[in-house]
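Written out below as structure tokens is the structure these notes cover.
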Amino acid sequence: MEAFQLLSRGGIKFNKKKFKNDVSLFNNAKSSSSATDVPLGPPDGDLPSELDFFKYAQNTSVKRKAGDSTGPDKKRRIDDIVDKEEDEERQIEIHAQESNITEGYAKHRVVTKGFNVPPHANTFDALTNRYRIPSHLLANLSTNGYTQPTSIQSYGIPILLEHRDLAAISPTGTGKTLTYTFPIFSSLGNPSTTANSDAGLGVRALILSPTRELAHQIHNECLKLSQGRKWKVVLFSKATANTLTDKKARDKVDIIISTPLRLIASIRSGHLELENVRHLVLDEADRMLDSEFLSQVQEIVAACNHPKLQKAVFSATLPANAEKIAMGMLNNPIRVVVGTKDTPLPLITQSLTYVADDPSKLPSLLGYLSQPYNPPVLIFTSSQPRASSLAEELILNGISNVDCLHAGMSKKEREEAISRMRKGMSWILISTEVMARGMDFKGVREVINYDFPTSVQSYIHRIGRTGRAGREGKAVTFFTDEDASYLKSIANVILQSGFSVPDWILKLPKPSKIKRRTMGKTKRPDTVNMARKVGRREAIKKRDMIAGSKRRRETADISVETN
DNA sequence: AAAAAAC
């Protein structure tokens with residue numbers, strides 16, 4: 001049934017002319033459970049490209065040279081030395097193969113690059129044959145439902161277990177967190193609280209995250225793996241930092257998960273030593289290495305001065321400049337790319353919706369929400385005030401269970417919003433970029449980009465909040481005339497994922513730098529003010545029109561899964 | 001390339 005619905009939804013909904021006459025025509029792609037509402041599928045009997053995951057897996061061409069494969073490491077691999085290539089005057093082996101691991105429906109291509117890449121492990125059992133994995137760790141895997149490693153896990157875990165540096169690029173929702181937490185717990189020896197002669201005391205693993213929420217989520221994952229042993233895994237905050245001002249207390253810590261600035265505050269105040277850290281992980285690496293975070297991260301990396309420090313960076317996206325910085329930080333790194341770089345999961349059905357201008361967005365959204373949809377829905381705006389005001393606006397329009405989350409809110413408010421989301425109590429969460437990366441809400445099946453994302457990376461991470469762990473998802477992106485400058489690049493991403501995009505968008509010229517600059521300066525008004533000025537009348541009309549929407553929604557296909 | 005997030 002799910003597959004049928006996905007099949008029926010189609011790709012791009014776009015109708016510029018009609019919009020000018022009637023806002024309501026822009027109630028876009030529905031996901032109804034009622035069979036009568038479901039439009040007919042594509043006329044041809046072929047599998048639509050969005051469901052043809054194998055095609056997706058083959059999307060990227062890899063240069064193949066026939067013949068020569070007589071590398072020194074040939075025996076490490078039975079099947080897959082595909083290519084050799086000169087890279088920065090060094091001979092680097094390229095291993096490429098179709099992974100035989102199925103994640104949902106998707107088959108991912110995995111490409112590794114680097115010296116002496118350890119063979120991957122297709123099962124967790126294969127890992128135990130090759131490495132000494134503590135039994136409690138294996139037990140915790142199965143208790144938490146990890147039966148089969150994902151692609152990134154089967155490649156990344158052996159690499160990290162052999163204490164190699166790693167740059168891992170794998171799509172959203174494919175199990176990156178476990179890829180680095182598992183080897184940490186496996187390699188850490190004994191908790192600092194017990195006899196631990198070889199590795200010394202104190203924090204020996206450090207995981208950095210760009211947001212508090214993601215750090216919190218990583219901490220939860222660590223707790224799952226640490227069950228039954230006395231690991232001290234600290235989610236670093238002002239409060240926890242204050243419990244560690246005593247060196248004796250710090251010596252009991254094994255793992256710290258933190259945002260950069262919080263950690264730096266403790267280093268500078270002399271209340272934290274990182275010289276025994278053997279595992280350093282940058283999650284959302286490209287974000288952590290962009291201009292605002294870079295110097296902070298560099299300061300932390302410099303403080304981790306243990307000679308056996310292992311560094312690993314993870315992300316679903318890694319643009320060239322970020323990769324360059326990352327590779328410069330790593331020592332003899334192995335690079336693993338799962339799937340096609342900078343391409344979202346094929347499980348996410350993507351579409352673009354034209355909404356003319358900013359004032360038209362609210363009526364369009366209300367129209368969208370008057371149709372049956374799958375809560376909880378995650379909605380992205382471009383700024384904190386716009387997130388808050390849109391939340392108010394939806395509530396004013398009689399939509400219940402609306403939550404808002406941005407970094408301008410208090411820690412407590414943020415935690416409560418997350419908690420309601422996890423419990424399935426929110427139907428709609430309106431947020432900024434703070435929620436764009438890493439957050440794993442298994443129930444989220446729809447993402448709406450109310451404001452256009454300002455980068456391809458942002459787009460990929462935002463829509464990656466759905467379609468997690470092999471589930472289907474749906475992503476709708478509003479665009480206005482103002483978004484023309486970025487439209488083409490996002491449209492290319494959608495095209496690359498196997499969905500169709502109107503021709504005229506792909507033919508858009510590259511916007512001049514001057515234009516881009518002026519566009520960046522046009523300030524978007526709050527959605528509230530905007531609604532008062534222009535959209536209010538339509539909004540009220542719409543509200544009356546959709547007064548029955550609650551009734552309708554109750555009969556809609558509501559399946560909220562909680563974590 | 002640009003806003004948000006980090007304390």
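As a basis for the values below, the full set of heavy atoms in this structure was taken, side chains included, without hydrogen atoms, waters or symmetry mates. The chains referred to below are lettered A, B, ... by the order of the sequence lines, with proteins before strands, and numbering in each begins at 1.
Applying the 3.5 Å distance criterion, the base of B:dA4 shares a donor-acceptor pair with the side chain of A:R287. With hydrogens and angles ignored, no donor-acceptor pair closer than 3.5 Å exists between the side chain of A:R212 and the base of B:dA5. With hydrogens and angles ignored, no donor-acceptor pair closer than 3.5 Å exists between the side chain of A:Q384 and the base of B:dA4. Between the side chain of A:T259 and the base of B:dA6, no donor-acceptor pair of N or O atoms lies under 3.5 Å.
In this structure, A:F293 atom CZ and B:dA3 atom P are separated by 17 Å, rounded to whole Å. If you measure from atom CE of A:M409 to atom P of B:dA5, you get 11 Å, rounded to the nearest angstrom. For A:N449 and B:dA4, the CG to P distance is 15 Å, given to the nearest whole Å. Remark: P of B:dA4 and CD of A:E213 are 16 Å apart, rounded to the nearest angstrom. Regarding A:L294, its CG atom lies at a distance of 20 Å from the P atom of B:dA5, rounded to whole Å.
Electrostatic pairing of A:R414 and A:D403 does not count as a salt bridge here, judged by no charged N lying under 4.0 Å from a carboxylate O.
Within the 4.0 Å cut-off from OP1 or OP2 of B:dA6, at least one side-chain nitrogen or oxygen of A:R414 is found. In this structure, A:T211 does not reach the B:dA6 phosphate: none of its side-chain N or O atoms is under 4.0 Å from OP1 or OP2.
Between A:Q457 and A:R437, the closest side-chain pair of non-hydrogen atoms falls below 4.5 Å.
For A:A407, the listed nucleotide lying nearest its side chain is B:dA5; candidates were B:dA2, B:dA5, B:dA4. Nearest nucleotide to the A:T432 side chain, out of B:dA4, B:dC7, B:dA6: B:dA4. If you check B:dC7, B:dA5, B:dA4 against the side chain of A:R262, the one that comes closest is B:dC7.
Using a 4.0 Å heavy-atom distance criterion, A:E284 is classed as making no nucleic acid contact. Across all strands, A:P210 comes closer than 4.0 Å only to sugar-phosphate atoms, never to a base (heavy-atom distances).
Annotation: of the two residues near DNA chain B, A:V434 and A:P319, the 5′-most nearest-nucleotide partner is A:P319.
Panel note: side chain A:T177, backbone A:I218; no donor-acceptor pair is recorded below 3.5 Å.
Between A:F479 and A:F452, the ring-plane angle classifies as perpendicular under the 30° and 60° cut-offs.
Among residue pairs with one or both ends in residues 288-301 of chain A, those qualifying as side chain to side chain donor-acceptor pair (under 3.5 Å) are A:R268-A:E299, A:R287-A:D290; sequence neighbours excluded.
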